[in-house]
Amino acid sequence: MKTRVAILISGAGSNMAALIDAARRPDSGYEAALVVSNVEGAGGLAIAAAKGVATATVAHKAFGKDREAHERAVDAVLREAAIEVVALAGYMRVLTPWLVGGWRGRMLNIHPSLLPLYPGLDTHARAIRAGDAEAGCTVHLVTEGVDEGPILGQARVPIVEGDTPGALAERVKTAEHELYPRVLRAFCRGLERG
Ligand code: GRF
């Protein structure tokens, strides 16, 4: 049995698309069972639907400032779909300890920097400004601290002369699309072996 994975998105969903496509390979070890967005009409929803993956929207706006109430609604959707592992892919919400605790050891995130460098936003501009020779991306387990959990895998790309945050972001994204499916597959295989 393949591990049932839900992918949580807020936007374009290019990592989501890579995860869905990789899940289709016979040896993937996981199934992209559901895509959930907190943003109505997020670009990734149409892509997921076109690829034949079930989608759901749980708009955070409807819950005002009550983050946990929104998370309880998201969690209900995940449990209803018998999800075993959650992959955050451009899910632009800071999670409360309630959701993190409920999925401890079973929720992954991808971050566009070589953690522990540059948690948070604007990672590419910060790496260029610092004069770094390389940048990259990290897949990690989600814990209470933002972008802080145990690292499961990283990929590196060079920062070139005259780089812009946009150009670097594109280079890193290409690496993300290779890294995330590879790490998720290995992670789900590890779960199978127990
Ligand atoms: C990616 O750069 C990811 O690392 C970050 O958010 C971005 C999402 O992009 N967490 P996409 O929606 O997967 O294209």
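Atoms within a ligand are numbered from 1 in the order they appear, just like the ligands themselves. Residue numbers run from 1 in the order of the sequence given. Here the structure is a predicted model, which is why all the values come from computation and not from measurement.
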*Measure the shortest side-chain to side-chain distance between P112 and E176 over non-hydrogen atoms and say whether it is less than 4.5 angstrom.*
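Yes, their side chains come closer than 4.5 Å.
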
_4.5 Å side-chain heavy-atom contact, Y91 and V36_ =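 A side-chain contact is absent here, since even the closest heavy-atom pair is not under 4.5 Å.
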
Which heavy atom of the protein is the closest neighbour of [atom], given with residue, atom name and distance?
atom                    : answer
atom 8 (C) of ligand 1  : G90 CA, 3.6 Å
atom 13 (O) of ligand 1 : N15 N, 2.8 Å
atom 10 (N) of ligand 1 : I110 O, 2.9 Å

*Using the test side-chain contact (heavy atoms from CB on, under 4.5 Å), find all partners of P119 that sit at least two apart in sequence or belong to another chain.*
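Checked P119 against side-chain contact (heavy atoms from CB on, under 4.5 Å); matches are L115, R126, D147.
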
*Look at ligand 1 and say whether A12 reaches it with a heavy atom at a distance under 4.0 Å.*
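Heavy atoms of A12 do come under 4.0 Å of ligand 1.
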
*Less than 4.0 Å between a side-chain N and a carboxylate O, is that true for E178 and R182?*
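Judged by the 4.0 Å cut-off on N to carboxylate O distance, R182 and E178 do form a salt bridge.
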
*asked:* So if I count the atoms of ligand 1 from 1 in the order they appear, which ones are less than 4.0 Å from some heavy atom of G13?
replied: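 It comes down to these atoms of ligand 1: 11 (P), 12 (O), 13 (O), 14 (O).
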
*Which atoms of ligand 1 have any heavy atom of S14 under 4.0 Å away?*
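Listed by number with element, the hits are 11 (P), 12 (O), 13 (O), 14 (O).
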
*Should the pair R104 and W98 be classed as cation-pi, given the thresholds of under 6.0 Å to the six-membered ring centre and 45° from the axis?*
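Ring-cation test returns no.
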
*Can a donor-acceptor pair be found between the side chains of T96 and E68 at a distance below 3.5 Å?*
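No, because no side-chain N or O of T96 sits under 3.5 Å from a partner of the opposite role on E68.
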
*Who's closest to atom 1 (C) of ligand 1 heavy-atom-wise, of H124, E176, M16?*
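Looking at heavy atoms only, the winner is E176.
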
